[in-house]
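Read the structure below first, then the notes.
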Number of protein chains: 4
Amino acid sequence: MIIQLDMQSELPIYTQLVNQIIEGIASGRLKPGEPLPSVRSLASDIGINLHTVNKAYTLLKQEGFILVHRQRGVVINPDSMPEITKAYMGKMRGELRPIVAEAISRGMSQEQLLQEMEQIYQEITQTDKEYD
Amino acid sequence: MIIQLDMQSELPIYTQLVNQIIEGIASGRLKPGEPLPSVRSLASDIGINLHTVNKAYTLLKQEGFILVHRQRGVVINPDSMPEITKAYMGKMRGELRPIVAEAISRGMSQEQLLQEMEQIYQEITQTDKEYD
Amino acid sequence: MIIQLDMQSELPIYTQLVNQIIEGIASGRLKPGEPLPSVRSLASDIGINLHTVNKAYTLLKQEGFILVHRQRGVVINPDSMPEITKAYMGKMRGELRPIVAEAISRGMSQEQLLQEMEQIYQEITQTDKEYD
Amino acid sequence: MIIQLDMQSELPIYTQLVNQIIEGIASGRLKPGEPLPSVRSLASDIGINLHTVNKAYTLLKQEGFILVHRQRGVVINPDSMPEITKAYMGKMRGELRPIVAEAISRGMSQEQLLQEMEQIYQEITQTDKEYD
DNA sequence: GTGGTCTAGACCACT
DNA sequence: GTGGTCTAGACCACC
């Protein structure tokens, strides 16, 4: 798992970590049951504080993406991913809405916008298949 | 222009203001050249601090959505909206990516996701046409 | 709001804080919309670190007992308390079960046990009514 | 004696073990004088560390639920179960209190709550009577 | 060794 | 002044 952090980003480090791990799951690079590095080792690997990693793991655990197994350590949830709940859909639409609004106000067509999303979808899912 | 703020949101108030004004533009409710309330009146109308409105207007001005005349006050940019620059596309893709990734990891299909975006696009653009 | 912490307890400080605030809500001493002290002031009042208070508040926020209002600070959720969800019932039963099992193995009758719970229920709800 | 451990639980494994053995006693599946597996065999049976089983047995012995004979091995205390001491009642009430408080704050009535406890009591005591 | 908790001190964004 | 974030160093419980 390669983690790329942007220390200048407005996004908190722990959020970037969460995003990258979720993208890892979405892409198939991180498979159910697969172990994640310990907070300490990941923190020292990417040169941040262990508490920052801990916060990211805690959030991922709360949402159900990962779990802490007493014997195997931190692993991608082997049983199931979080569901598409109403709460999630609400959150997702709330995040999407201002992005779409700005695109419209800049004159982007619906087709262009959908194409962008489609391309991102493809980029994420069709990651190098050497991992399968 | 009706402004709906969520004081419990994680989004800063000034960001919510910016988003709503941009959505107003996208929907056609706010037309080029149309005046916006003064910092002072908007702030007192919605019960927030002057600085907060000021920050929102400043950001909108920087991106080119509005113009601030000393005499004529604040108006929606009558000449042109911000362009679809490379910088903008990069920003937009960066925001879209984690949303798409989470949707994928929760098992949402590309079709579902595109449909969601299409619906949001429609919701914004086909706002009540009494404004035209 | 008087907070009583037991620094020798096996329960983490932030858990004790969470419990006491929830009991404050249950008893009516803390009413919907009522403000809670800031993390800093509460921390210094009870002589603990502000991060510990922060963790307690974060948990209460996640479960919906409190919310952080951008203007009014931290307040008891004025609209609604968390629901009696399936997840909550599962959690509650899982906590209750070992308590009941031990009581049975020590020879406590169902009546005694129910009476204990009833008394606790009464103790919490019939707190000194000077607060109403 | 079937032991069900949840390796993702927040409860330590040894606590889960203790709880399940006490519930076994409460239900009548484990009777006074009945032998329990040796530390070694139980550990290997359920795939956990020797120390973990040892810790559970030590706690059960300290509270008086089991006896550990050098020759006859581990047995459920044949003479008596732990008493309903003041210390125990204090501990029990302390555990019950936050559970009751949360139930109240979520709007659960005293009747509902008592009913829940009654049902758990019944579930534990009216276990399949083939064991009698 | 692991994750979990607590403390301490610092900076920043927001209002 | 508020909450949010990050760092640092420490101790403990668990396995």
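By convention in this document, chain letters (A, B, ...) are assigned in the order of the sequence lines, proteins followed by strands, and residues within each chain are numbered from 1. Atoms considered below: every heavy atom in the structure, side chains included; atoms not considered: hydrogens, waters and symmetry mates.
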(request) Would you please say whether a donor-acceptor pair under 3.5 Å links the side chains of Arg29(D) and Ser27(D)? (result) yes

(request) Return the stems involving DNA chain E, sorted by first number, where pairs are Watson-Crick (N1-N3 with N6-O4 or O6-N4) or G-U wobble (N1-O2 and O6-N3), both under 3.5 Å, and runs are 3 or more long. (result) E:1-14 with F:1-14

(request) Verify the contact: side-chain N or O of Tyr14(B) to OP1 or OP2 of dC14(E), cut-off strictly under 4.0 Å; return yes or no. (result) yes

(request) Give a yes or no answer on whether the side chain of Gln16(C) reaches the backbone of Leu11(C) with a donor-acceptor pair at less than 3.5 Å. (result) yes

(request) Examine dC14(E): is either OP1 or OP2 under 4.0 Å from a nitrogen or oxygen in the side chain of Arg70(C)? Give yes or no. (result) no

(message) Any N or O donor-acceptor pair under 3.5 Å from the base of dG1(E) to the side chain of Arg40(A)?
(response) no

(request) Would you kindly say whether Gln4(B) and Gln20(B) are connected by a side-chain donor-acceptor distance under 3.5 Å? (result) no

(message) I'd like to know whether CD of Glu83(A) has more than 12 heavy-atom contacts from other residues, nucleotides or ligands below 6.0 angstrom.
(response) no

(message) Using whole Å, what does the distance between atom C1' of nucleotide dA13(E) and atom CD of Gln71(C) come to?
(response) 16 Å

(request) Let me know the distance between CD of Gln62(C) and P of dG4(F), rounded to the nearest Å. (result) 11 Å

(message) Quick check: do Ile66(C) and Asn77(C) have side-chain heavy atoms less than 4.5 Å from each other?
(response) no

(request) Could you pick out which residue, Pro37(C) or Pro12(A), lies toward the 5' side of DNA chain F when each is mapped onto its nearest nucleotide? (result) Pro37(C)

(request) On DNA chain F, check which nucleotide each of Asn49(D) and Val68(C) is closest to and give me the residue with the more 5' one. (result) Val68(C)

(message) Tell me the interatomic distance from Gln16(B), atom CD, to dC14(E), atom P, rounded to whole angstroms.
(response) 12 Å

(message) Near DNA chain F, counting only heavy atoms under 4.0 Å, which residues of residues 50-57 of chain D show up?
(response) Thr52(D), Lys55(D)

(request) Between Thr15(B) and Thr15(C), just flag the one whose closest nucleotide in DNA chain E comes earlier from the 5' side. (result) Thr15(C)

(message) Whether Lys91(D) and Glu102(C) form a salt bridge (side-chain N of Lys/Arg under 4.0 Å from carboxylate O of Asp/Glu) is what I want to check.
(response) yes

(request) Give a yes or no on whether a salt bridge exists between Glu10(D) and Arg70(A), defined as a side-chain N under 4.0 angstrom from a carboxylate O. (result) no

(message) I'd like to know if the side chain of Gln62(A) reaches the main chain of Leu59(A), judged simply by a donor and an acceptor atom lying under 3.5 Å from each other, with no hydrogens or angles considered.
(response) no

(message) From CG of Leu67(A) over to P of dG3(E), roughly how many Å is that when rounded to an integer?
(response) 13 Å

(request) Please state how far atom CG in Leu5(D) lies from atom C1' in dC14(F), giving the value in whole angstrom units. (result) 14 Å

(message) Just the rounded figure in Å: distance from P of dC12(E) to CE of Met7(A).
(response) 14 Å

(request) Could you check which of dC6(E), dT15(E), dT7(F) has an atom nearest any side-chain atom of Ile13(A)? (result) dT7(F)

(request) Round to a whole Å and report the spacing from CD of Gln8(A) to C1' of dC12(E). (result) 14 Å

(message) Tell me if a side-chain donor or acceptor on Thr58(C) pairs with a main-chain N or O of Asn54(C) at a distance below 3.5 Å.
(response) yes

(message) Output the rounded distance in Å from CD (Glu10(D)) to C1' (dC14(F)).
(response) 14 Å

(request) Answer yes or no: is there an ion pair linking Arg97(A) with Glu23(B), defined by an N-O contact shorter than 4.0 Å? (result) yes

